[in-house]
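In this chain, numbering begins with 1 at the start of the sequence shown.
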Amino acid sequence: MKFRGKIIDVACLNHFTRVVTTISKLTKMCVLRLTPDNLFFVLSGKVANGGVGMWCELSQANFFDEYQMEGVSSEDNEICLEVTPENLSRALKTVQSAKAVKVKLTKKHCACLTIAAELPTMSSISRVVTHDVPVDVIPRRLWHEFKEPSMPDFDVSIYLPPLKTMKNIVDRMKNLSNFLVMEANLNGEMNLKIETDLVSVTTHFKDLGNPPWGDDASQDGGPSQSRDPEAMVQARVDIRKLQQFLVGQQVNPSKAMCNIVHERVVHLILLHEDVSLQYFIPAVA
């Protein structure tokens with residue numbers, strides 16, 4: 001197995017760092033899956049058992065000026081690494097002023113992602129800073145756990161309000177309850193609700209719009225057209241998991257969407273021209 005990449009463009013380095021920092025806010029550990037064309041950050045949470053799930057896809061050509069990798073074999077041309085995204089984020093943040101950054105899979109005291117940055121200097125002597133981020137190589141027999149999750153057979157899909165606005169509201173609601181009800185309909189309306197024995201608070205959003213997911217029923221990857229547009233579909237979620245998603249958002253998405261499977265799961269999607277991030281939060285009773 002071999003992997004090496006090089007980033008020269010400062011904007012690409014900053015963007016890549018923001019993506020990794022976002023991932024670090026969502027999970028302590030994840031799998032970095034490398035293929036010839038893409039990088040994936042994967043959290044294979046068992047949503048049915050209360051765990052969150054994540055799938056983040058990046059096109060390597062939009063970030064790396066040079067990119068070379070050889071997988072475990074010609075048939076399985078991939079590399080899967082378990083990584084602590086916080087460590088990777090810290091290393092990248094310290095090299096933001098670099099003229100070039102190289103990322104390489106190395107074998108030292110353990111397997112590492114070695115980040116070598118050529119920093120600007122006033123003299124003719126080059127200055128290189130190196131960070132070794134420990135990783136664990138995932139054996140091929142476990143790769144099936146880190147494939148792209150299927151789109152849930154959701155009941156409603158809706159565009160999210162401005163994420164900063166939503167974050168401010170959720171931050172305040174967190175002081176009132178540990179759980180929040182998200183509900184939406186096919187008329188572009190969404191409510192965030194807190195309901196306890198002492199207080200009931202609801203924030204209403206209107207005219208958000210509903211994404212076009214195909215032409216017909218939910219079995220084709222979109223909400224059923226037979227559903228009453230005014231009828232609300234809801235899921236009760238752990239407010240900390242939703243807050244985690246909103247705190248970690250630094251990828252400046254062009255679109256942010258939410259799919260809800262009634263009383264089962266909330267599926268959040270951030271889309272940028274070169275990044276796709278999906279996050280699954282299970283509903284709680």
Mind checking whether Tyr159 and Pro211 have side chains closer than 4.5 Å, heavy atoms only? yes
Interatomic spacing from CD in Glu82 to CD1 in Ile138 - rounded to 0.5 Å: 5.0 Å
Residue Arg18 excluded, over 12 heavy atoms near CZ under 6.0 Å: yes
Among Val19, Val133, Val20, which residue satisfies the side-chain contact (heavy atoms from CB on, under 4.5 Å) criterion with Leu92? Val20
If we ignore angles and hydrogens, is there a donor and acceptor under 3.5 Å between the side chains of His131 and Thr94? yes
Closest contact, heavy atoms only, Cys30 versus Ile23: SG-CG2, 4.0 Å
When rounded to the nearest 0.5 angstrom, what distance separates NZ in Lys241 from CG in Leu180? 13.5 Å
Are Ile194 and Ile239 close enough that some pair of their side-chain heavy atoms sits under 4.5 Å apart? yes
Nearest non-hydrogen partners of Val156 and Ala184, listed with the distance: CG1-O, 3.9 Å
Which distance, rounded to the nearest 0.5 Å, do you find between the CE of Met190 and the CG of Asn210? 10.0 Å
If you measure only the distance, is there a donor-acceptor pair under 3.5 Å linking the side chains of Gln278 and His267? yes
Side chains of Thr130 and Ile115 in contact at under 4.5 Å (non-hydrogen atoms): no
Taking only Lys NZ, Arg NE, NH1 and NH2, and the carboxylate oxygens of Asp or Glu, determine whether Glu145 and Arg140 approach each other closer than 4.0 Å. no
Nearest non-hydrogen partners of Pro120 and Ser97, listed with the distance: CD-O, 3.2 Å
Taking Phe179 as the fixed residue, which of Arg236, Arg240, Glu195, Lys193 is the one that meets the side-chain contact (heavy atoms from CB on, under 4.5 Å) rule? Arg236
According to a hydrophobic-cluster definition based on side-chain heavy atoms being under 4.5 Å apart (Ile, Leu, Val, Met, Phe, Trp, Tyr only), do Met1 and Leu113 belong together? yes
State whether a side-chain donor-acceptor pair under 3.5 Å links Ser59 with Asp274. no
Considering non-hydrogen atoms only, spot the tightest contact between Leu13 and Ile7 and give its length. N-CG2, 3.8 Å
Do Leu192 and Val170 have side chains that approach each other closer than 4.5 Å (heavy atoms only, starting at C-beta)? yes
Of Lys99, Lys6, Lys102, which meets salt bridge (charged side-chain N to carboxylate O under 4.0 Å, His left out) against Glu118? Lys99
Check against side-chain contact (heavy atoms from CB on, under 4.5 Å), Phe280 and Met54: CA-CA 6 Å; Phe280 299 82; Met54 179 192 69; over 6 Å; no
Please lay out, stage by stage, how Arg33 and Glu78 fare under the test salt bridge (charged side-chain N to carboxylate O under 4.0 Å, His left out). CA-CA 7 Å; Arg33 181 178 158 214; Glu78 296 184 12; 2.9 Å; yes
When you look at Phe245 and Thr22, which way does the side-chain contact (heavy atoms from CB on, under 4.5 Å) test go after all the steps? CA-CA 8 Å; Phe245 171 79; Thr22 294; over 6 Å; no
The complete set of ring-ring contact (aromatic ring centres under 6.0 Å, His included) pairs with one or both residues in residues 51-104, sequence neighbours excluded, reads Phe3-Tyr67, His15-Phe63, Phe16-Phe63, Phe16-Phe64, Phe40-Trp55, Phe64-Tyr67
Indicate yes or no: at least one non-hydrogen side-chain atom of Ile260 is less than 4.5 angstrom from one of Asp155. no
Spatial distance of atom NE2 (His272) from atom NZ (Lys255) [nearest 0.5 Å]: 13.5 Å
Between the side chains of Asn191 and Thr202, does any donor sit under 3.5 Å from an acceptor? no
What's the verdict on side-chain contact (heavy atoms from CB on, under 4.5 Å) for Leu32 and Phe146, showing C-alpha distance, side-chain angles and the deciding distance? CA-CA 9 Å; Leu32 172 59; Phe146 310 108; over 6 Å; no
Point-to-point distance, once rounded to the nearest 0.5 Å, from OG1 of Thr35 to CG of Asn77: 8.0 Å
Side-chain contact test, heavy atoms from C-beta onward, threshold under 4.5 Å: evaluate it for Ser276 versus Leu270 and give yes or no. no
Under a 3.5 Å cutoff, is there a donor and acceptor pairing between the side chains of Glu273 and Ser254? no
For residues Leu81 and Val31, determine if any side-chain heavy atom of one lies less than 4.5 Å from a side-chain heavy atom of the other. no
Reported CG-to-CD distance for the pair Leu34 and Gln60, which is rounded to 0.5 angstrom: 10.0 Å
Give me each pair satisfying side-chain hydrogen bond (donor to acceptor under 3.5 Å, both in side chains) with a member in residues 160-182, each pair once, sequence neighbours excluded. Lys167-Asp171, Asp171-Gln243
For Lys25 and Gln244, which heavy atoms make the closest approach, and how far apart are they? O-CG, 3.0 Å
Answer whether the closest heavy-atom distance between the side chains of Met29 and Val83 falls below 4.5 Å. no
Heavy atoms of Glu189 and Ile158 approach each other most closely as O-CD1, 3.3 Å
